[in-house]
Protein chains: 2
Amino acid sequence: MSGTTPPKIASSPDHLSFECVQETCGFKGEECLCRPMHLHFEKAELRAARTIELNEGDQLAPEDFPEPVVFAVLNGVIAVESHLSDGRRSLLTLRFPGEYLDMNRADRHASGEVVALAPTSVKLVPRNVFEELLLLDSNLRRIYWRRATDIMHQQFDHSSDLGKKTPTERMASFIFELRNRMSIPRFVEEFTLPISRQSIADYLGLRAETVSRVLKSLEKEGAVKLIGKHKIAVLDFKGLRKIANGARPRLSNHR
Amino acid sequence: MSGTTPPKIASSPDHLSFECVQETCGFKGEECLCRPMHLHFEKAELRAARTIELNEGDQLAPEDFPEPVVFAVLNGVIAVESHLSDGRRSLLTLRFPGEYLDMNRADRHASGEVVALAPTSVKLVPRNVFEELLLLDSNLRRIYWRRATDIMHQQFDHSSDLGKKTPTERMASFIFELRNRMSIPRFVEEFTLPISRQSIADYLGLRAETVSRVLKSLEKEGAVKLIGKHKIAVLDFKGLRKIANGARPRLSNHR
DNA sequence: CGTAAACTTGACCTTCGTCAACGACAGTGG
DNA sequence: CCACTGTCGTTGACGAAGGTCAAGTTTACG
């Protein structure tokens, strides 16, 4: 691990706990990858899967692992982070509990490092085990394909956010993305913003100051309510959805 | 097809031509997906694969096909296009010859339509055939995995472009992306810009006017040379690479 | 309670989007 | 062959929006 504090191995090699942590990994019912994986626990290779605990800012560099691994997020948030040569930071993609991240590239030249944006536990599954399981279990495979295309479409949506949306629209989209991916039920208004303003900014292609201002402007027009610094409640779903879809209210409308 | 002109079916059902068109599909050697696919031509299902010809602007809507298909680009360019509610257009991802695009989502709610950005031929491979072949052939599978992660990393890079790069930097990145994906050899300076200024703009999150100005500014500082409207030559690779990686020259530096 | 880090607020200024006009070029029809 | 037309690309002038910088305020945590 090339992070500041080396993350500690939490579970021993033969301690298997790939099933959902705390009853849910973030997926609903049959969409959970953990359940079908669970059926394969007897496989010796899966015993190599380890859980590591990360603090905010800890990095996971692929080179740090003897064999290629797939990261499965149990709780917390990880991101792929990249820096331009003058230091500008971007968060290219996020992964929430129940999601996996495969950073292994043939040419070993990845487009960024993996970093924890909050206290996080990550399961490391050797990549060849992952692939083998996919070959053996058609149900697992079906679920995997679905997840993979979903992730791709998420990236598409994110590109749309970054390419053509105003800061306010990006924030509105992000709120829905968060709620979906953290499985917040529709009738629950209030939820936790799991990452810092700076991280939100780096993910949305904005500055932290702009995130601040945009949140305030959304609050002023009654779409959301900020509760402390890390909680937010959606008051007007329809309105916020309209904004997210491009109903063009720019920041200055509400300064 | 929901495009203006309905694309015409070019090859008859039992005419099989999934091998590389004109000796190469854009991949080099073993990276080509077509070669291993070729071994499976006897499979009855593959005979269902059809080639269609598209004009610039033609659309391919998933609903138009009786069964889910994967698009394989033989030549030309296709893109996933999305529109915000007020009409702003984005191109979320591009596919060049030799690349494939899988737009099939479980929930059938895709993030955009597929559209041709130039005269294009596309092979339609039924998705279940595609998956079956992957199960049968480990070599094909290896190559497919590699391509899939490459595409993902391409999306990451693109997010980095959109999120934190200046217009000049985006254009520089785009030039390298084009050259890589169209397999232009390093020593070849001149190549064709296969899509319109407007499409470049919509892909890079800019306006067509800005694309124009940026290209001119890159020409002024000697990084590239514009030859007619649809050709460009890279004169200073190192310099252009530096710009693409974030050496921050903004547009106004060279107005 | 005290300190550092995270977040907010305000004032300013650069950049690129906007709008409008113009130029280049291809296709069309007489 | 040329005038006509429409599309695409270029150029210029201008201003809104968000980045930038600096100073405050709040929060988290020991």
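Numbers restart at 1 for each chain; the letters A, B, ... are given by sequence-line order, proteins then strands.
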Can you name the residues that form a side chain to side chain donor-acceptor pair (under 3.5 Å) with [X], not counting sequence neighbours?
X: B/Ser90; answer: none
X: B/Ser196; answer: B/Ser199
X: B/Arg170; answer: none

Can you list every pair that meets ring-ring contact (aromatic ring centres under 6.0 Å, His included) and has a residue in residues 172-199 of chain A, with sequence neighbours left out?
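Only A/Phe174-A/Tyr203 qualify under ring-ring contact (aromatic ring centres under 6.0 Å, His included).
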Once you build an axis from the first five pairs and another from the last five of the helix from C/dC1-D/dG30 to C/dG30-D/dC1, how far apart in angle are they, to 10 degrees?
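Its terminal axes enclose an angle near 40°.
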Run the salt bridge (Lys or Arg N to Asp or Glu O under 4.0 Å) test against [X] and tell me which residues pass, sequence neighbours left out.
X: B/Asp102; result: B/Arg127
X: B/Lys231; result: B/Glu190
X: B/Arg89; result: B/Glu81, B/Asp202

How many Å lie between CG on B/Leu206 and C1' on D/dG9, as a whole number?
16 Å
Whole-Å gap separating P (C/dA6) and CG (A/Asp202):
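The distance from CG of A/Asp202 to P of C/dA6 comes to 12 Å, rounded to the nearest Å.
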Closest-nucleotide ordering on DNA chain D, the 5'-leading residue of A/His230 and B/Ser196
B/Ser196
Sub-3.5 Å pairs of nitrogen or oxygen atoms, protein against nucleotides 19-28 of chain C:
from, atom 1, to, atom 2, distance (Å)
C/dC19, N4, B/Glu209, OE2, 3.2

Can you check whether B/Ile200 reaches B/Ile195 side chain to side chain, under 4.5 Å on heavy atoms?
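SC-SC contact between B/Ile200 and B/Ile195 confirmed.
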I want to check one thing: is the phosphate of [N], taken as OP1 and OP2, less than 4.0 Å away from some side-chain N or O of [X]?
X: A/Lys216; N: C/dT9; answer: yes
X: A/Arg207; N: D/dG18; answer: no
X: A/Thr210; N: D/dG18; answer: no

